[in-house]
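First up is the structure itself, then whatever we jot down about it.
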Amino acid sequence: MTDQSPIMQLRGVRKTFGTSVFALKGVDLDIARGMVHGLLGSNGAGKSTLIKILSGSFPASAGEIIWQGKPIAWTGPRQANEMGVATIHQHIPLVRSLSVIENVFLGSRGFWRDDETLRQRFHVLRERVGYHLDPDTLVGSLSIGARQMVAIFQALGTGADLIVMDEPTASLAAEEREIVYQTVRTLSRKENKAVLFVSHFLDEIVSLTDQVTVLRDGVAVMRSETSELNEAKIAEAIVGKEIKAMERATFDRGSERYLAKPHETLLKIRKVELPGRLKPIDLDIKAGEVIGVAGLLGSGRSELLHCIFGAEANRKGEVQLEGKPLSKSTSAAVKAGIALVPEDRFAQGLVPDFEIWRNATLPALNKVSFFDFLLDRKREVHVGEESIRRLAIKAHSPHVAVNTLSGGNAQKVTISKWLFSDVKVFLLDEPTAGIDIGAKTDILMLVRRLADAGKAIIIVSSEFEELLAVSDRILVLRDGQLIAEVPASETCEHDLVLLAGGRSAQNSHSAA
């Protein structure tokens, strides 16, 4: 029988920044051994601040932290880590120029690349998690999902008693999520570890956790046994009101809302392929149409978007926009009117240290300058203000740096920077990954509005329910190959999962 006594307790923890920003307003939290504790809340609710306090990155402004029965005041993350707290951060702070094994044991003393002891430890970790990682592969060459698994290996390698997982599955495909779930269950039930599991996925919180705490506006508004909850109750606690499932939009093809002709083909893809990663694909996309792309990690979803955007030098085939062939370069794509919102928003979509207004105007500097030469800061700031207004970005000013924003608000800035350019085609790669229900709904509704305005949109998402909500057609990729194209109104999440996983929908029904 496992010991389920509290390993960490927070009592009345407060955190203020300056004199007017109250990030936490007196939070109590008990995290017990042998249990998985779910932590939820919308972006800006205080989750990230709470994690930084209990992992030693921030000092609390008031209140008490009790670690293994004794009050503690961490001097920094290193002390917290040495005393048994390991944190897997959402933005994966790994060293891209080092190998997998070097990152996993980055804090180990006397590390040498050929150290057999560490290689043995790595092998044990790999067997323990059940996920294959080549120890000598450079982290910079890995997908974002594989990098997340490296971070999990890194945390487990410390032997910590409390493992804090901040959105560990946000960038993972279904089969990798299952590996994480199994790892969490093993840690809590078999190894008697305490796990604090932060997630926006309500279904995994309900199925995986033992207890749940929900933060809203810096206050713990719900503390409950998971067995007493369902997804609807949790969602209501997160936003403070009942959330209804998003129904799929019915687009009126004859509506005046469409600024472009509804049957006009904007984008043509002919035999586009990426040797070894993406097999030839043909596709036509009309004005006002939303194309969803479903598939597991490694299926070729991101590669398809990058090929269209001209970001893959080895791409073969042809991309045409409004009947004109595009050269293989990102500058040509942007000039023609194609925008890419990448999966890794901080590494590829934003300049984190820049303010909102600087990021918002990057693709269209010619529109906020005199004679395409002298930038007009007043006009740039105005664009930043418009971005905040149009996308309901939670920021008190366009002068706020994007690296201080929550994940959902940072993603809105990533999208907003294209709204002031003459974009005809939007390529959205996991635009809602790692963000809360409210921000997710805002972004999906924006996708609909863009389609209503006659834009053509291709959206990649690991959440098939989202694709069904916003798409007209859904492409299913597997192993770099287009294996199915189905109208969104004629399929369901169950069939998409089976198609992406290797079985046809027809076979799945017959098998059942």
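For this chain, numbers begin at 1 and follow the sequence in order. What you are looking at is a predicted structure, and each value in this text was computed from that prediction instead of being measured.
Counting only heavy atoms from C-beta outward, the side chains of Glu82 and Thr158 never approach each other to under 4.5 Å. The closest side-chain heavy-atom distance from Val139 to Arg147 is below 4.5 Å. The closest side-chain heavy-atom distance from Arg119 to Ile101 is below 4.5 Å. In this structure, the side chains of Leu10 and Leu50 come closer than 4.5 Å at one or more pairs of heavy atoms. Residues Leu142 and Val100 meet the side-chain proximity criterion, which asks for heavy atoms closer than 4.5 Å. When side chains are defined from C-beta on, Thr87 does not count as touching Asn81, because their heavy atoms never get closer than 4.5 Å. You'll find the side chain of Trp74 reaches within 4.5 Å of the side chain of Met83, heavy atoms only. Looking only at side-chain heavy atoms (C-beta outward), Leu419 and Ser387 stay at 4.5 Å or farther from each other.
The two residues Pro398 and Ile388 make their nearest non-hydrogen contact at N-CD1, 3.6 Å. Closest non-hydrogen pair, Ile356 versus Ala395, comes out as CD1-CB, 3.6 Å. The minimum heavy-atom distance between Phe122 and Pro135, with the atom names listed, is CE2-CB, 3.7 Å. Minimum heavy-atom separation, Asn314 to Pro275: O-CD, 3.5 Å. Scanning both residues, Gly292 and Leu467, for their nearest heavy atoms gives CA-CD2, 3.9 Å. Minimum interatomic distance between Glu303 and Leu274 (heavy atoms only, all atoms of both residues): CG-CD2, 4.1 Å.
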Review point. What's the verdict on side chain to side chain contact (heavy atoms under 4.5 Å, CB included) for Ile234 and Asn230, showing C-alpha distance, side-chain angles and the deciding distance?
Key: CA-CA 6 Å; Ile234 297 173; Asn230 57 31; over 6 Å; no

Review point. Given Arg128 and Glu191, is the salt bridge (Lys or Arg N to Asp or Glu O under 4.0 Å) satisfied, shown in steps?
Key: CA-CA 11 Å; Arg128 182 178 168 196; Glu191 301 183 15; 2.6 Å; yes

Check your understanding: Should Lys193 and Asp161 be marked as a side chain to side chain contact (heavy atoms under 4.5 Å, CB included) after you check the CA-CA gap, both sets of side-chain angles, and the distance that decides it?
Key -> CA-CA 5 Å; Lys193 307 287 188 183; Asp161 294 310; 4.1 Å; yes

Practice item. Tell me, with the steps shown, if Val400 and Trp357 meet side chain to side chain contact (heavy atoms under 4.5 Å, CB included). Key: CA-CA 8 Å; Val400 172; Trp357 64 269; over 6 Å; no

Exercise for review: Report the C-alpha distance between Arg389 and Glu385 in whole Å, list the side-chain angles of each, state the deciding distance to 0.1 Å, and finish with yes or no for salt bridge (Lys or Arg N to Asp or Glu O under 4.0 Å).
Suggested key: CA-CA 6 Å; Arg389 184 187 63 80; Glu385 292 170 341; over 6 Å; no

Point to revise | Full working for side chain to side chain contact (heavy atoms under 4.5 Å, CB included) between Val164 and Leu162 | key: CA-CA 6 Å; Val164 181; Leu162 168 61; 4.2 Å; yes

Exercise for review: Take Asp479 and Arg277 through the salt bridge (Lys or Arg N to Asp or Glu O under 4.0 Å) test and state the conclusion after the steps.
Suggested key: CA-CA 8 Å; Asp479 298 327; Arg277 295 160 65 190; over 6 Å; no

**Study point:** salt bridge (Lys or Arg N to Asp or Glu O under 4.0 Å) evaluation trace for Lys412 with Asp442
**Key:** CA-CA 9 Å; Lys412 289 181 181 181; Asp442 288 346; 2.9 Å; yes

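In the model, Glu102 has a side-chain atom that pairs as donor or acceptor with a side-chain atom of Ser99 under 3.5 Å. Using a 3.5 Å distance cut-off with no hydrogens or angles, the side chains of Asp210 and Thr226 do not pair a donor with an acceptor. Inspection of the Thr209 and His37 side chains reveals no N or O donor paired with an N or O acceptor under 3.5 Å. Judged purely by distance below 3.5 Å, without hydrogens or angles, the side chains of Glu463 and Thr432 never pair a donor atom with an acceptor atom. A donor-acceptor contact under 3.5 angstrom links the side chains of Ser462 and Glu430, judged on distance only.
The CD1 atom of Ile458 sits 7.5 Å away from atom CG of Leu475, with the distance rounded to the nearest 0.5 Å. How far CE of Met222 is from CG of Leu229: 5.0 Å, rounded to the nearest 0.5 Å. One distance of note links CG of Asp166 with CG of Leu196; it measures 9.0 Å at 0.5 Å rounding. To the nearest 0.5 Å, atoms NZ (Lys70) and CD1 (Ile66) are separated by 12.5 Å. Distance check: Leu304 CG to Glu312 CD gives 11.0 Å after rounding to the nearest 0.5 Å. Note: Trp67 CH2 to Ile72 CD1 = 10.0 Å, rounded to the nearest 0.5 Å.
Judged by distance alone, the side chain of Asp30 and the main-chain N or O of Gln9 form no donor-acceptor pair under 3.5 Å. Side-chain atoms of Arg189 do not come within 3.5 Å of backbone N or O of Gly34 as any donor-acceptor pair. Of the possible donor and acceptor atoms, none in the side chain of Arg126 sits under 3.5 Å from a partner among the backbone N and O of Tyr131. The main-chain N or O of Leu468 is never found under 3.5 Å from a side-chain atom of Ser471 such that the two would form a donor-acceptor pair. Without hydrogens or angle criteria, Arg14 side chain to Leu24 main chain gives no donor-acceptor distance under 3.5 Å. Side-chain atoms of Gln411 come within 3.5 Å of backbone N or O of Pro431 as a donor-acceptor pair.
Between Phe17 and Phe22, the gap from one ring centroid to the other reaches at least 6.0 Å.
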Below 3.5 Å, can you tabulate the donor-acceptor pairs from side chains in residues 53-63 to any protein atom, sequence neighbours excluded?
| unit_1 | atom_1 | unit_2 | atom_2 | d |
| --- | --- | --- | --- | --- |
| Ser55 | OG | Ile51 | O | 2.7 |
| Ser61 | OG | Thr16 | N | 3.0 |

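For the side-chain contact (heavy atoms from CB on, under 4.5 Å) with Leu428, the lone residue among Leu446, Ile459, Thr414 that qualifies is Ile459.
Under the rule for a ring pair (Phe, Tyr, Trp, His ring centres under 6.0 Å), Phe464 has no partner lying at least two apart in sequence or in another chain.
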